[in-house]
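Nothing fancy with the numbering, it's 1 onward along the sequence.
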Amino acid sequence: ELMSTYPVSNPAWAVPVVRSLKFQTGIAQGVNGTEQRWMLTTGVESWSLSYPHLSVAQRDTLLTLFESSKGAYAQTVSLSFGGINYTGLYFDGDSLVFTETDPNVCTGTVKLSTVVRAADTGTLLADFPALGTGAPMQRPYTYTRTFDTAAVRTEGGRYAYPRRSASLRTWTAGGPAITDAEAAAIWSMFKLAGGQWRSFGFTDPDSTTRYANCRFGSDSLDWRISGPNQNSIQATIQQLV
């Protein structure tokens, strides 16, 4: 099948654009709380492209490509994004909805996804990257301490025991208003970590204590682009045993 080029002008998408990356990590936990992890896939990347002000003719340009792709069937769309050409994409859904808000004015969102990704190459940083302020996150951020208790209720009451004697920490990192460079650094960290697969160091911004054994708390990450040098990424970082 011939590759179909997704239009980057007439119509051009607007902000917000949401770029998503999702890995799949296998995790087995030992009786002492330590983990064995392995990568199950090299990830799926997707782009949600927003169109707040399309003419009917521009809407029909997108619908023509959608029609030729037979919805989510064809895996032959190429997309130029951020100076990189991505090939082998497909429409992530068999329906494409546009709303006509005024005469000859339509709005809608198009989502494209990869089928397969090449494995990411490069060296994972030893520590989660700091923002320009020197801290790994912007406020407001969450800080969590978690124990692991096993408990059973019986006729005589409740039997409980701790699986570990100390709590582990979780932070949200990144922020709602970060620069292109800051967002790209977190995105690169997530890619090279393979989501939850690889571990790294993380420094608590309040105590300045470095915790050497941490990982991402999720296999999914969204990068929301709101405008020139205006980005939002919220990543969860978990301390491990």
Heavy-atom nearest pair, F91 first then G71, reads CB-O, 3.6 Å
As an exercise, state the distance from OG1 of T107 to CZ of R59, rounded to the nearest 0.5 Å. 11.0 Å
Using the rule that two of Ile, Leu, Val, Met, Phe, Trp, Tyr join whenever any of their side-chain heavy atoms come within less than 4.5 Å, decide whether V241 and F147 are in one cluster. no
Using residues 195-203 as the side-chain source, report each donor-acceptor pair under 3.5 Å to any protein atom, sequence neighbours left out, with the distance given to one decimal.
{"unit_1": "Q196", "atom_1": "OE1", "unit_2": "R215", "atom_2": "NH1", "d": "2.8"}
{"unit_1": "Q196", "atom_1": "NE2", "unit_2": "D219", "atom_2": "OD2", "d": "3.2"}
{"unit_1": "R198", "atom_1": "NH1", "unit_2": "L192", "atom_2": "O", "d": "2.7"}

Do you know which two heavy atoms are closest between A173 and M137, and how far apart they sit? CA-CB, 3.6 Å
Measuring only between side-chain heavy atoms, which start at C-beta, is Y143 closer than 4.5 Å to D206? no
Say you draw a straight line from OG of S4 to CG of L79; how long is it, rounded to the nearest 0.5 Å? 12.5 Å
Is any side-chain heavy atom of T149 closer than 4.5 Å to one of R163? no
So, for Q58 and L54, which heavy atoms are closest and what is the spacing to 0.1 Å? OE1-CA, 3.6 Å
Quick one: name the residues clustered hydrophobically with V116, using the 4.5 Å side-chain heavy-atom rule over I, L, V, M, F, W, Y, and just say none if it's on its own. Y90, V115
In sequence, state the C-alpha distance, the side-chain angles, and the governing distance for I233 and I178, and then conclude on side chain to side chain contact (heavy atoms under 4.5 Å, CB included). CA-CA 8 Å; I233 291 183; I178 60 178; 4.2 Å; yes
First locate atom CZ of R19, then atom OG of S48, and finally report the distance between them rounded to the nearest 0.5 Å. 12.5 Å
May I have all residue pairs that pass ring-ring contact (aromatic ring centres under 6.0 Å, His included) and include part of residues 222-241, sequence neighbours excluded? W187-W223
Separation between NZ (K111) and OG (S50), nearest 0.5 Å, reads 14.0 Å
Answer with yes or no after comparing the ring centroid distance for W47 and Y6 against a 6.0 Å cut-off, counting only values under it. no
Exactly one candidate in T142, T170, L221 meets side chain to side chain contact (heavy atoms under 4.5 Å, CB included) with T236; the answer is T170
Could you walk me through whether Q230 and V15 pass the side chain to side chain contact (heavy atoms under 4.5 Å, CB included) test, one step at a time? CA-CA 10 Å; Q230 299 175 44; V15 293; over 6 Å; no
Please confirm whether the backbone N or O of L65 pairs with a side-chain atom of S69, one donor and one acceptor, at under 3.5 Å? yes
Just so I know, are the side chains of L63 and L96 near enough to count as touching, which here means a heavy-atom distance under 4.5 Å? yes
Kindly indicate whether the side chain of W171, heavy atoms from C-beta on, has any atom under 4.5 Å from the side chain of P136. no
Nearest-0.5 Å distance that lies between atom CG in L131 and atom OG1 in T179: 8.0 Å
Check R210 against A126 and note the closest heavy-atom contact, atom names and distance. NH2-O, 3.6 Å
Output for pair (F23 CZ, T42 OG1), nearest 0.5 Å, gives 7.5 Å
With distance as the sole test, does S188 use its side chain to make a donor-acceptor pair with the main-chain N or O of A184 at under 3.5 Å? no
Taking 4.0 angstrom as the limit, do R169 and D204 come out as a salt bridge? no
Give a yes or no on whether E67 atom CD has more than 12 heavy-atom contacts from other residues, nucleotides or ligands under 6.0 Å away. no
Is the side chain of S218 donor-acceptor paired with the backbone N or O of S220 at a distance under 3.5 Å, no angle test? yes
Applying side chain to side chain donor-acceptor pair (under 3.5 Å), name anything that partners W13, two or more places apart in sequence or on another chain. none
Is it true that atom CZ of R224 has more than 12 heavy atoms of other residues, nucleotides or ligands lying nearer than 6.0 Å? no
Donor-acceptor check, side chain of D94 to backbone of A72, threshold 3.5 angstrom: yes or no? yes
Quick check: F216 with F190 (ring centres under 6.0 Å apart)? yes
Name all residues meeting the side chain to side chain donor-acceptor pair (under 3.5 Å) criterion together with R164; count only those two or more places apart in sequence or in a different chain, and write none if there are none. none
For a quick test of reading the model, state the closest non-hydrogen atom pair linking R37 to L240 and the distance between them. NH1-CD1, 3.4 Å
Backbone of A177 reached by a side-chain donor or acceptor of Q138 within 3.5 Å: yes
Distance-only side-chain donor-acceptor flag, N85 / S80, under 3.5 Å: no
Using every non-hydrogen atom in the two residues, find where Q239 and C214 come nearest and quote the distance to one decimal. CA-SG, 3.8 Å
Considering only Ile, Leu, Val, Met, Phe, Trp and Tyr, and joining two whenever side-chain heavy atoms are under 4.5 Å apart, list the other residues clustered with V97. none
pair F81-V17: side-chain heavy atoms closer than 4.5 Å: yes
